[in-house]
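Data block below; observations after.
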Protein chains: 2
Amino acid sequence: MSTIREVGKRAGVSVATVSRVLNNKGYVHEDTRKAVTLAIKELDYKPNSVARSLSKKTSKTIGFLIPDITNPFFPQLVRAVEDVMYPAGYTTMLFNSDENLLHELEYIEGMTSKYIDGFIIASNTLQWEHLKGLHVPVVALDRAMDERISSVTIDNYEGSKKAIKYMIDRGCRQIAHIEGPPHVFTSMERKRAYLDSMNDHKLPVLLQQGQYEIEQGMVSTMKILSEHPEVDGIFAGNDVMAIGALKAASKLGIKVPEELSVMGFDGVKWGTLVTPELTTMQQPIYYMGQRAAELLLDRIQNVHSKVEHHQLHAELKVRQSVR
Amino acid sequence: MSTIREVGKRAGVSVATVSRVLNNKGYVHEDTRKAVTLAIKELDYKPNSVARSLSKKTSKTIGFLIPDITNPFFPQLVRAVEDVMYPAGYTTMLFNSDENLLHELEYIEGMTSKYIDGFIIASNTLQWEHLKGLHVPVVALDRAMDERISSVTIDNYEGSKKAIKYMIDRGCRQIAHIEGPPHVFTSMERKRAYLDSMNDHKLPVLLQQGQYEIEQGMVSTMKILSEHPEVDGIFAGNDVMAIGALKAASKLGIKVPEELSVMGFDGVKWGTLVTPELTTMQQPIYYMGQRAAELLLDRIQNVHSKVEHHQLHAELKVRQSVR
DNA sequence: TTGTAGGCGTTATCAT
DNA sequence: ATGATAACGCCTACAA
């Protein structure tokens, strides 16, 4: 690896000049520029990012915190973020936190000492208090965090209400809800919508705790159906649990959608692979990641950019699991 | 952010001493150590990783190249790698290359200028020639690359032979194979096993090109079944395509496994969610990631560690899609 | 046991 | 238009 110094020597100029041509900054005579460019080519010189970072206090890197890449919702998000960040010259560091606050704080601290340029946070445990000390922009993804932190979310409440309304329209009268994990933003919103809907329509409430995982969807459904055979519809907290519900129904010999309707939320790809295909609320997952990345980029590059909150919408995807 | 210099001043010692206690290196009197530790606490000093990197030419970071996180095989791999790297003090940078050589080379170059400590490569385009110039260890994952590069693979050939033998044992006589992408290591091995098996058993060969994607699995299956209705078994290049095959059969009203057997390869989680559940060759996916990470760590930390090739085995998972 | 000082590779401020 | 040189924050001979 050659250094800027060697390039300078070879081109017969000082490091300052080389730096100037490297960064297109300040005046430099056309001839010298050519000489320097040539020397760079000849030596196959590549600027050292670390040295550059130390000097500029920036790393062209962003951190992306997610709960768990193994949950099928996140790969698309990750892909989207990388797809906008990389062409913009930024590399993104992924971190699976399992919603563990300590790990997240540790990670953020580590990244800070690397002069990271910003964060996208799609996990739910971090709050404004933990982040306010940071001197870099943050955008919350798939959750609202605080007025002062940019966010990209979908309207989970509205989406859930639509989903449930559809179930009711299709004749469901005993709708149970499998909740997502307790302190997760999307989970709370969806539950709230369920409760309000049941209340509005004077329908009975039947809640079952879940975990955004297939097994939980199965277990919860088993429990619901054995204890409340009258249930004719399940509004699952997300697609993964809905798929678990389908699985459970099939194991119990209960026909979906004839005897039981199942509604998911998310619109992950796998929803079309199960039988029957999952009726669900489709989120613009990739687009959410894209927007979050663009927002962050703007906050990083444009001093005047301000906090923004983007609220997107989920769309009913009628397939086969609701009668 | 305070610096080592400020800590030194506060503790009444030089930066060298602070550095010594920071790194537990060299002699330092117990009292001074205490004083320094106190100063560190008081100032809430955190070492600056970038400065450290510049000085030590190491970044405690590794790069992980995969084709596409959106393929359900990779999230588990990524998770496994991170799960061993992070506790060891290394952060991992993910890169989705879509098997694009130029992007991969560009990425590697960028990472090199960041003093990256090593790479795990799970994509198929990079070859020894591209990597031999690197001064950091590399391990190939899910593919063999070269004798000189450590690797963690499973025996795709043996596994595929097992899979096909099982299909034949179960009575299949007209087995088609949906190939994975042309230049992908796993894909070539599986195809080779298919061809050899057909030859060994004097059975007819029927190949169809595919792409490791659901849609391709569907399309290829449609094509196979319409042109060769006599086919009674499909050995798909991977699970994702096998799921596509299931989907296609269902659309065509062909019963699996009664009229058509479908065999996958990989053992991704979603194989149990489709109906019928997918019979497949289960790879120890998480373990592969783990081993690769451990191998790399060893190469990084232990000067004497040598190139190693780990060959693991896939296991037949009998479920419902083969009669 | 501790301190001084040079080096890691770039950027950026002053002079010239 | 170009060159010296001091940062950036840390590590590590080498001296003391």
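First the proteins, then the strands, lettered A, B, ... as listed; each starts at 1. Note that the structure is a prediction, hence the values are computed from the model and not measured.
The distance from atom OH of B:Y27 to atom P of C:dT2 is 13 Å, rounded to the nearest whole Å. One atom, CZ of A:R20, and another, C1' of C:dC14, lie 11 Å apart when rounded to the nearest Å. Residue B:K114 contributes atom NZ, which lies 14 Å from atom P of C:dT10 at whole-angstrom precision. Rounded to whole Å, atom C1' of C:dG3 lies 17 Å from atom NE2 of B:H29. The distance between atom CD1 of B:I4 and atom P of C:dA5, rounded to the nearest whole Å, is 17 Å. At whole-Å resolution of the value, NZ in B:K56 and P in C:dG9 are 16 Å apart. Protein atom CG of A:L22 is 11 Å distant from nucleotide atom C1' of C:dG9, rounded to whole Å. The CZ atom of A:R5 sits 9 Å away from the P atom of C:dT10 (whole-angstrom rounding).
Put simply, A:Y115 has no side-chain N or O that comes within less than 4.0 Å of OP1 or OP2 on C:dT10. The side chain of A:N48 contributes no N or O atom lying less than 4.0 Å from OP1 or OP2 of C:dC8. Proximity of B:S14 to the phosphate of C:dT2: no side-chain N or O atom is located under 4.0 Å from OP1 or OP2. Of the side-chain N and O atoms in A:R52, one or more sit less than 4.0 angstrom from OP1 or OP2 of C:dT11. An OP1 or OP2 oxygen of C:dT2 is reached within less than 4.0 angstrom by a side-chain nitrogen or oxygen of B:T32.
Backbone-only engagement by B:V13 is indicated by non-hydrogen atom pairs under 4.0 Å involving sugar-phosphate atoms exclusively. Within 4.0 Å of A:G8, counting heavy atoms only, lies no atom of the nucleic acid at all. Counting non-hydrogen atoms under 4.0 angstrom, B:T17 reaches the backbone sugars and phosphates but no base.
Positionally, the nearest nucleotide of DNA chain C for B:S55 lies more toward the 5' end than for the other of A:A16 and B:S55. Taking for each of A:V15 and B:V15 the nucleotide of DNA chain C with the nearest heavy atom, the 5'-most of the two is the partner of B:V15.
Annotation for B:H310: atom NE2 counts as buried by contact number, over 12 foreign heavy atoms lying within 6.0 Å. More than 12 heavy atoms of other residues, nucleotides or ligands shown are found within 6.0 angstrom of NE2 on A:H130. Surrounding CD of A:E129 are more than 12 heavy atoms belonging to other residues, nucleotides or ligands, all under 6.0 Å away.
For DNA chain D, the contact window with chain A, defined by any atom under 4.0 Å from a protein heavy atom, covers D:dA1 to D:dG9 in 5' to 3' order.
Ring pair A:Y86/B:F95 is tilted by interplanar angle, where 30° to 60° counts as tilted.
With 3.5 Å as the limit, one finds no donor-acceptor pair spanning the side chains of A:T186 and A:N156. Inspection of the B:S113 and A:N48 side chains reveals no N or O donor paired with an N or O acceptor under 3.5 Å.
Listed nucleotides: C:dT2, C:dT11, C:dG9. Nearest to the side chain of A:A51: C:dG9.
For the pair A:L54 and A:Y115, the tightest heavy-atom approach, listed with the atom from each and the gap, is CA-CE1, 4.2 Å.
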Next on the checklist: For a side-chain hydrogen bond (donor to acceptor under 3.5 Å, both in side chains) check, start with the C-alpha distance between A:E104 and A:T125, then their side-chain angles and the critical distance, and finish with the verdict.
Outcome noted: CA-CA 9 Å; A:E104 295 186 341; A:T125 38; 2.7 Å; yes
